[in-house]
Student: 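Here it is: the structure, laid out below.
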Amino acid sequence: MFSFSKFEHKYDKSVFNHVELLSEDYKVFVNGIEVPVYTCRISKYPFNGWGGRHQRDICQSEEASYVNLVSDEEIKVEVVASNQYKRVMVKPYSKGIRTEEKEGKICFTLKENGKYVLELDSYHHCLYIFNGKPIVCENKEDVTYYFGPGIYFAGKIKMKSGEKMYIDKDALVYGCVYADNAENIEIFGNGILDDGSEERVSIQCYEDYTNGNVKFYDCKNLKIRGVGMKNSAIWCVNLFHCFDVEIDGISVFGQWRYNTDGIDIVNCQRIEIKNSFVHSFDDTITVKGIDRYRDTDNKHIHIENCVLWCDWGRTCEIGLETSCNEYSDISFRNCDILRAGTVACDIQNGDYAEVHDILFEDIRVEYNSFDTEEIMQTSEDMKYEAENIVKIPFIFFIINHRFREMYTDLFKGEGPVPYPENTGYQQACCHDITLRNVNIYYDEGVPKRDNGQYDVRIALLERVKDVHFYNIVAENICVNGTRLTREDINLSADRPESIKIL
């Protein structure tokens, strides 16, 4: 069985129907049937900064396309592209999707459910292909918010304890979800939640002035399954001081506005994120700590079997805010990184936490010759002029630079915000951190080092006096399947002895 999303607006108060625009870049056929190809916006280039506004100018974005499929069988996909191209890529590469061209169509088979991206020559004007498992609503009467087939303009939906929301595969919901001090909430379905009607009115991401796709404060026992989320105004998926959360098979995509982090986990415990696709403009999945919740440590957080794409910043990240005593038992495992931003696997201990027992394992990272340098926009009239500079991310980066000193202007403008009393902030230490089994797909056009070696970068930078990192291990780092030695790594470290490269 396979099916696909078809978004149709049903109206009864007007003769004017809302029509969701279809893509002009692609036609897609699945098992011989043409399916609708819808549009969204992504960042045109990695150009970040406040620019005097709370939100980016739309001219810094471009149109992308997507199909939303549901299947429990092998499917055959045929794509007709309207533009000329030389190179066809179906990502992630680790899935081994082989394509062939027949009668003007790009043809390939998807043998399993998953999240894929078709790129022609580069990421520009890409095609997302989401192939999810069917998620049905067994009993409509048990669901508080039931969105059947159609296009809805729901606005901000405030959920309470015990409530459920179902979004059918043929449902496109313009709105966002919010809950505060609630428990036993479930959001599920194969449809799409679009935050495009929300405007950002403040610089804040911690506060509830602006929501993003979903935002939860002080909640317990949350489940989010299958739903797609696009066009957030700020951080996309927000978990503030939440416990026992399961996120499975979601798609975060079509994100281009400032601070559109994919998933932010803030002073939380027992969080599981799996089988999901997260394409963020800003940091992709990040674990933070802020002063409001500083008495709650970040623990037992596991991200597994995800496809990740970071336009700007960090992909798998601890920090930058680390306001709590301890981060421990946190893992990123079996993930594909299509684009790594500045850093693939990152720890920025910007406050005072003891960060330890962190694992990055079985990570596959794609270095692309068409990914360009990140530039900070410092004025409104500044233009992006790095189109010809290839970006080479760090594979592993640990630093404890001071968050409050770096962003003084974003707080009060009168000097750094002081640390809370009795925090022992001088520790800001990192130990027992492991990076294991990493394979880098290194495009031919990506520059190498002067000595001809692949440019695989690791950095360990200690910025707090008398605080040293220890028990840091990087093991089995490969490029295009070939294992690297310590001498092959481009290492920047204040104390090289603090890391073992095996």
Side-chain angles (χ1 to χ4, degrees), residues 180-181 202-210 212 215-220 234-235 237-243 245 259 261-271 282-301 303 313-314 316-332 343 346-358 397-433 461-469:
D180 190 350
N181 196 27
S202 168
I203 201 171
Q204 283 284 357
C205 290
Y206 304 161
E207 301 288 346
D208 59 4
Y209 313 142
T210 316
K215 197 164 207 174
F216 297 101
Y217 294 95
D218 306 298
C219 291
K220 299 177 182 178
I234 52 165
W235 295 355
V237 177
N238 299 260
L239 303 175
F240 287 90
H241 196 242
C242 293
F243 303 85
V245 179
N259 292 126
D261 292 11
I263 302 176
D264 286 271
I265 303 163
V266 184
N267 300 90
C268 293
Q269 296 183 7
R270 298 182 299 280
I271 310 296
D282 214 323
D283 304 324
T284 304
I285 299 181
T286 180
V287 184
K288 297 179 179 291
I290 64 174
D291 288 353
R292 175 180 175 181
Y293 299 116
R294 65 181 180 271
D295 292 332
T296 299
D297 297 330
N298 281 300
K299 291 185 175 182
H300 316 308
I301 298 168
I303 296 92
R314 273 73 174 170
C316 304
E317 180 179 22
I318 305 296
L320 171 66
E321 305 95 310
T322 54
S323 184
C324 62
N325 289 322
E326 188 178 8
Y327 280 62
S328 65
D329 186 26
I330 299 173
S331 64
F332 295 82
V343 183
D346 181 65
I347 297 174
Q348 296 187 86
N349 195 345
D351 286 298
Y352 51 86
E354 178 187 4
V355 177
H356 66 96
D357 291 289
I358 312 296
F397 197 112
I398 303 177
I399 190 170
N400 56 359
H401 50 189
R402 308 290 75 207
F403 167 63
R404 295 160 200 255
E405 296 168 8
M406 294 170 62
Y407 290 97
T408 295
D409 59 324
L410 300 186
F411 293 104
K412 295 180 180 178
E414 300 175 355
V417 173
Y419 289 92
E421 294 182 1
N422 303 317
T423 57
Y425 71 90
Q426 285 294 340
Q427 61 186 51
C429 66
C430 303
H431 64 88
D432 294 282
I433 315 294
L461 306 179
E462 299 167 345
R463 294 295 180 259
V464 178
K465 185 179 180 181
D466 299 326
V467 174
H468 299 307
F469 307 150

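We use all heavy atoms of the structure for the numbers below, so side chains are in, but hydrogens, waters and symmetry mates are not. Quick note: residue numbers are just sequence positions, from 1.
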Student: Going by atom types only, do Ser323 and Asp291 share a side-chain donor-acceptor pair under 3.5 Å?
Tutor: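 The criterion, which ignores hydrogens and geometry beyond distance, is satisfied for Asp291 and Ser323.
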
Student: Can you see which heavy atom on Asn400 is nearest to which on Ala428, and at what distance?
Tutor: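 Distance-wise, the nearest heavy atoms are ND2-O, 3.2 Å.
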
Student: Backbone N or O of Tyr327 within a donor-acceptor pair of the Asn298 side chain at under 3.5 Å?
Tutor: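 Not a single qualifying donor-acceptor pair exists.
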
Student: Do Ile399 and Arg463 make a side-chain contact, defined as non-hydrogen atoms from C-beta onward lying under 4.5 Å apart?
Tutor: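 They are in side-chain contact.
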
Student: State the OG-CD1 distance between Ser202 and Ile234, to the nearest 0.5 angstrom.
Tutor: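 Answer for the OG-CD1 pair, Ser202 versus Ile234, is 8.5 Å.
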
Student: Kindly indicate, with the supporting measurements, whether the criterion side chain to side chain contact (heavy atoms under 4.5 Å, CB included) is fulfilled by Asp357 and Asp329.
Tutor: CA-CA 5 Å; Asp357 291 289; Asp329 186 26; 5.5 Å; no

Student: Can you name the nearest heavy-atom pair linking Cys242 to Ile271, along with the distance?
Tutor: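 Between these two residues, the closest heavy atoms are O-CD1, 3.9 Å.
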
Student: In Å and rounded to the nearest 0.5 Å, what is the CD1 to SG distance from Ile347 to Cys430?
Tutor: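 Result: 5.5 Å between the selected atoms.
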
Student: Is a donor on one side and an acceptor on the other found under 3.5 Å between the side chain of Arg402 and the backbone of Asp351?
Tutor: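 Side chain of Arg402 to backbone of Asp351, a donor-acceptor pair under 3.5 Å: yes, one is there.
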
Student: If you take all heavy atoms of Ile433 and Val355, which pair is closest and at what distance?
Tutor: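 Of all heavy-atom pairs spanning Ile433 and Val355, the closest is CD1-O, 3.8 Å.
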
Student: When rounded to the nearest 0.5 angstrom, what distance separates CG in Asp180 from CZ in Phe216?
Tutor: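 CZ of Phe216 is found 11.0 Å from CG of Asp180.
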
Student: To the nearest 0.5 Å, how far apart are OG in Ser328 and CG in Asp432?
Tutor: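 The OG atom of Ser328 sits 11.0 Å away from the CG atom of Asp432.
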
Student: Supply the atom-to-atom distance His241 NE2 to Arg294 CZ, rounded to the nearest 0.5 angstrom.
Tutor: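 Answer for the NE2-CZ pair, His241 versus Arg294, is 12.0 Å.
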
Student: To the nearest 0.5 Å, how far apart are CG in Leu461 and NE2 in His401?
Tutor: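 So the CG of Leu461 and the NE2 of His401 are separated by 9.0 Å.
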
Student: Does Thr210 offer a backbone N or O that forms a donor-acceptor pair with the side chain of Lys215 under 3.5 Å?
Tutor: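 Yes, Lys215 side chain to Thr210 backbone: donor-acceptor pair under 3.5 Å.
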
Student: The test is side chain to side chain contact (heavy atoms under 4.5 Å, CB included); show your working for Asn259 and Trp235 and say whether it passes.
Tutor: CA-CA 6 Å; Asn259 292 126; Trp235 295 355; 4.2 Å; yes

Student: Taking the side chain as every heavy atom from C-beta outward, state whether Tyr293 and Tyr206 have any pair of such atoms under 4.5 Å apart.
Tutor: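 Not touching, per the 4.5 Å side-chain cut-off.
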
Student: Sort out for me which residue in Asp218, Asp208, Asn267, Ile290 forms a side-chain contact (heavy atoms from CB on, under 4.5 Å) with Phe240.
Tutor: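 That would be Ile290.
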
Student: Kindly say whether Gly350 contributes a backbone atom to a donor-acceptor pair with the side chain of Thr322 at under 3.5 angstrom?
Tutor: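 Between the backbone of Gly350 and the side chain of Thr322 there is a qualifying donor-acceptor contact (under 3.5 Å).
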
Student: Is a side-chain N or O of Gln348 found less than 3.5 angstrom from the main chain of Glu317, in a donor-acceptor match?
Tutor: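 Answer holds: no.
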
Student: Using side-chain heavy atoms (C-beta onward) and a distance below 4.5 Å, is Phe403 in contact with Lys288?
Tutor: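 When only atoms from C-beta onward are counted, Lys288 and Phe403 do not touch, as no gap falls below 4.5 Å.
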
Student: Indicate yes or no: at least one non-hydrogen side-chain atom of Arg314 is less than 4.5 angstrom from one of Thr286.
Tutor: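 Arg314 does not reach Thr286 side chain to side chain.
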
